[in-house]
Number of protein chains: 2
Amino acid sequence: MVAKKRTVVSAGGGRPGRGLSRDRILQAAMSLVDQEGEQGLSMRRLGSSLGVEAMAIYNHFENREAILDAMADWLFSQMSPPGAGAGWRSMVRGLAMEFRGLALRHPNRFGVAMSRPSKPARALPLMDVVLGALAQGGMSPARRVQVYHALVGFIRGFLLWEMDIRAGRCALELPREMLAEFPHVKAAAARMGLSDLDRLFAGGVDVILEGGLR
Amino acid sequence: MVAKKRTVVSAGGGRPGRGLSRDRILQAAMSLVDQEGEQGLSMRRLGSSLGVEAMAIYNHFENREAILDAMADWLFSQMSPPGAGAGWRSMVRGLAMEFRGLALRHPNRFGVAMSRPSKPARALPLMDVVLGALAQGGMSPARRVQVYHALVGFIRGFLLWEMDIRAGRCALELPREMLAEFPHVKAAAARMGLSDLDRLFAGGVDVILEGGLR
DNA sequence: ACCTGAACACCGTTCAAGT
DNA sequence: ACCTGAACACCGTTCAAGT
């Protein structure tokens, strides 16, 4: 990695440094992460973006990890509860889509949240809603858990991949010269674009729900 | 994070430092990662575990990232090609199980591989085999791609979660006092143990294959 | 109660110099 | 061709001291 210059723009209200608070720190941390990803967040840079020495932050957060955790909590807090009216299928689909919307709106914050161990307390409310929906769909208790974990696994894995593609960290289109060697890839996945990601995600959720019903 | 003492055991044949090579470096890097995860791998520690200064490594790898990439490549190279005889379903299942076996045998190396952008070149051979199997199952080209990505997403997401649980980074059993608030979780997922992970993974793969067939 | 200065124990990487 | 020494520009975190 090149030791490139790192010019940091002061975050939010920035300057004064008076009235440091968990919330002001979290906002500044998120804006740092938005710009450069998790590795862009250092205690020293965070401090300076708030007009304060790095060490001042330790009065409000135990350590760097705690800030990243708070960021994950923030992300989950942005999920609004599902509309009551709709059927169980469109409710599950709606939650999945909303989750992905969050990822698309805040890709770097989402990357942080998804690459850390998932605290159960964070996901429990959502888990309850989804399990309830699957019960309405007529699935047995064991089946519900099964399908829930298939969904959650898929969503996490797929969105990590999608964010990597959108950030240019890996390619969606496969190298043309390699396709010759792999006929099935060539036949099935010849060319894909960003717009296919919508279908791929929605379709994955549907595949799992269909499969869950036998 | 506490600045704890880091005693490093010399890796493999360690001592001499003569005959440094990409392979010797990769082995040492993997053993460092096995012991302490990705963050346990620093160029300086890696050098000292090989009886060499950190800077010597740059004669064989471009930088730290390149070492982590080589580790991901190594992991995929450990996947043996699927048995020819079996049906398409058990072939896909077999590949998934073998992949998980790799994760269980080398959890930290796997964690490294799974948290980095997936290079297409690395996954293409496997992708071809899986798409071929799904074609044998009678799925249309579009459907094949759909189900392939559902599988890959699920496998990545689920195994990241499972590794976090097995490493004690997050809890499998849900906090008993929270269950009261979430009746559906309580009813469906009251208690789970490590042995349920086998079922959960295999079942997830099956759900996706079933769903892929309508 | 909250912030600073100085220090400790680290990082990845470059580059000129040695062999 | 391969390795070392010294340096540069960073890290997270602790702790005594200031206000």
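Small disclaimer: the values here were computed from a predicted structure and weren't measured.
Using a 4.0 Å heavy-atom criterion, one finds that A:L46 contacts no nucleic acid atom at all. A:I57 comes within 4.0 angstrom of nothing in the nucleic acid, heavy atoms only.
The CE-P distance, from B:M43 to D:dT4, rounds to 13 Å in whole Å. Computed from coordinates, the A:Y58 OH to D:dG12 P distance equals 6 Å when rounded to whole Å. Separating the CE atom of B:M55 from the P atom of D:dA6 is a distance of 11 Å, rounded to the nearest angstrom. Atom-to-atom, CG of B:L41 to C1' of C:dC10 comes out at 15 Å; the value is rounded to the nearest Å. Residue A:E53 contributes atom CD, which lies 15 Å from atom P of C:dA7 at whole-angstrom precision. Per the geometry, CG belonging to B:N59 stands 14 Å off P belonging to C:dT13, to the nearest Å.
Taken to the nearest 0.5 Å, the CG atom of A:L41 stands 10.0 Å off from the OG atom of A:S31. Atom CD of B:E65 and atom CZ of B:R116 lie 4.5 Å apart (nearest 0.5 Å).
Of the candidates D:dC11, D:dT14, C:dC11, the closest approach to any side-chain atom of A:R45 belongs to D:dC11. For A:A56, the listed nucleotide lying nearest its side chain is C:dT4; candidates were C:dT4, C:dT13, D:dC3.
Spacing of P atoms, D:dC10 relative to C:dA9, comes out at 22 Å, to the nearest Å.
Mapped onto DNA chain C by nearest heavy atom, A:R44 and A:A54 fall at different nucleotides, with A:A54 at the one closer to the 5' end.
A 3.5 Å limit on both hydrogen-bonding distances identifies D:dC8 as the Watson-Crick or G-U partner of C:dG12. With both pairing distances under 3.5 Å, C:dG18 is matched to D:dC2 as a Watson-Crick or G-U wobble pair.
Cation-pi geometry between B:R109 and B:W74 is met: the NZ or CZ atom falls under 6.0 Å from the ring centre, inside 45° of the normal.
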